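See below for the structure under consideration.
The structure presented is a predicted model; accordingly, all values stated were derived computationally and were not measured. To find a chain, count down the sequence lines: A is the first, B the second, and so on, and within it residues start at 1.
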There are 2 protein chains.
Amino acid sequence: MDIASPADFHVHLRQGSLSELIVPHVKQGGFHLAYPNLKPPITTTEQALQYKAQLERIDPSIEYLMTLYLSPELRPEEIRKAHAAGIVGVKSYPRGVTTNSDGGIESYQVYYPIFEAMQEVGMVLNLHGEIPSDPATNTCVLNAENHFLPHLFKLHADFPRLRIVLEHATTRAAVDAVKSCGPTVACSITAHHLALTADDWAGQSFHFCKPVAKYPDDREALRQVIREGHPRFFLGSDSAPHPPDAKSTATPEKPCAAGVYTSPVLLPLVAHLLESFGALNRLEGFVSTFGRTFYQRPAVEGKIVRLRRLPQDKTIDGSYQLEGLSLVPFWAGKEMGWEIAN
Amino acid sequence: MDIASPADFHVHLRQGSLSELIVPHVKQGGFHLAYPNLKPPITTTEQALQYKAQLERIDPSIEYLMTLYLSPELRPEEIRKAHAAGIVGVKSYPRGVTTNSDGGIESYQVYYPIFEAMQEVGMVLNLHGEIPSDPATNTCVLNAENHFLPHLFKLHADFPRLRIVLEHATTRAAVDAVKSCGPTVACSITAHHLALTADDWAGQSFHFCKPVAKYPDDREALRQVIREGHPRFFLGSDSAPHPPDAKSTATPEKPCAAGVYTSPVLLPLVAHLLESFGALNRLEGFVSTFGRTFYQRPAVEGKIVRLRRLPQDKTIDGSYQLEGLSLVPFWAGKEMGWEIAN
């Protein structure tokens, strides 16, 4: 099964030695394009280009699409400069919602001049669509995404030509919201949210990520929109490595790190999952064509990844090691029916 | 502040060496009466009396009210025998829902002769009010309690004189359901569900228990019903000890144990929590009078526990040790403003 140049439109590639371990996993997982996040946040064009150079030093065969981080320091001039330098998008994280988002946003109004400039030059706005928890509004991790959706509608109404991606959607409400918007609003879906529900991260930190997986019906909505081949819903793995210590060990003082690591097995895993819910025929759209079309980065003709159906399912490796670093991927110890052939 | 003979109407006291460590914590936590659970399940009067004797050997100053476990082996004759031997209730766990409930129930209809006998002799039915997860009905840990409530209504309609306790309620829907029932239906509430929401167990296994803590508005409903002093809502701590290893360390294969351990600090903790949401004047009702009235076990005149307001909050001990066993209690490392004076 040939897939045209798979693209992961949301992935954490880190820095330093961790980066050395995980950047090669993008290709190992079957992907040719990565749209990376970073902590500390990248707020200038220079930083973004430096980070791109670091990643290219590790694996130059991957196309890295770079972003800036939405913060009060950002100016419309920087947007125009970034666009001229080939930077593709701006990422927004509501303050305090996700791992490494301490510097995130509280209100979008203050950023309207930025969005104006982004709309003008054609940059993409990537939204971590959760509002901070607040007992006064009955907001917690379970409904933080649903409570964000009015912000999405307002941004889309105020900037109808601005391309917006609602990242790592986890709910039926989010799927319906994106569907109801115009062609400039799209949605990324992770691999793990196609597999997990709240039952899976209850007491199991290796499946704990933000946004948390929700109800079975929410998972079904993600599966449905892929089955129907909706072109504004595509893969963004949100693959995020944390050492097993940070994942497995909580203390009363310190919770586990949020994040699920899928990069090294991503394409076979997505094939396996899509096959499990009758959407294997949508694989190329979901992992390549739809996202590439929205981001205006068509696949280069002839650049393909070949997936091979295994005669029998094989068990996924338990961990990856490099110079004292160790990572346990999602689906470790479980079986999959696909592998990358070329 | 004097409290008449506090009673914990849901607590796990275990067996063997763990029992030796934790049974004394009932009194240390300020309680005179315990209504214990056990694994392996107690299905005969003899087993219940043996277990009672074991507990009394460890601390004879506590009044232990014993129960049987609802299972297909149970017969109406055993109910009458148990009642004659002073056994107070029968506990029901839907199959697979909670820790140690593998032998639980799947349908209540088969138990109707048991309930008939219980109603006749005046035994209490204790319900773990969750149905098993099932994607086909969109049921997961988040709504397993809400989906159980029709069973409560049906049991109450079919056995209006049977005293029923919906255990460890966590939702506004459950509170409203119990309120809407007649005087034979009551509800226990844990200490930790007065403090936690889903945010607190997301990635934090020390706060993971079944039923899981839900939305802020659900927590607020528990607080409200205590503030109003509703006599059919009383404390059942569901205090459940698990060694720190079982709580803190997940692997991809093995999730953490479910359970929160509150026994050693229970009464000061409940005072602290009730004070935090303006219900300190309901303390005696919540921890003693209401439950004792429902269970028809009035406090002995003059048996009191004296709570003292500390001049300043003190930090809760991090762990309890006995012969190689170790337990970390809820609220460890946090501050409380109350202690037991006598």
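There is no contact between B:Asp200 and chain A, counting heavy-atom distances below 4.5 Å. With a 4.5 angstrom heavy-atom cutoff, B:Thr139 touches chain A only via backbone atoms.
The two residues B:Cys140 and A:Tyr215 come nearest to each other via the heavy atoms SG-CD2, 3.7 Å. Considering all non-hydrogen atoms of both residues, A:Asp199 and B:Val141 come closest at OD1-N, 2.6 Å.
Formation of a donor-acceptor pair under 3.5 Å by the A:Asp217 side chain with backbone atoms of B:Asn138 is not found in this model.
In terms of non-hydrogen atom pairs under 4.5 Å with chain A, the most contact-rich of B:Ala198, B:Gly333, B:Ala136 is B:Ala198.
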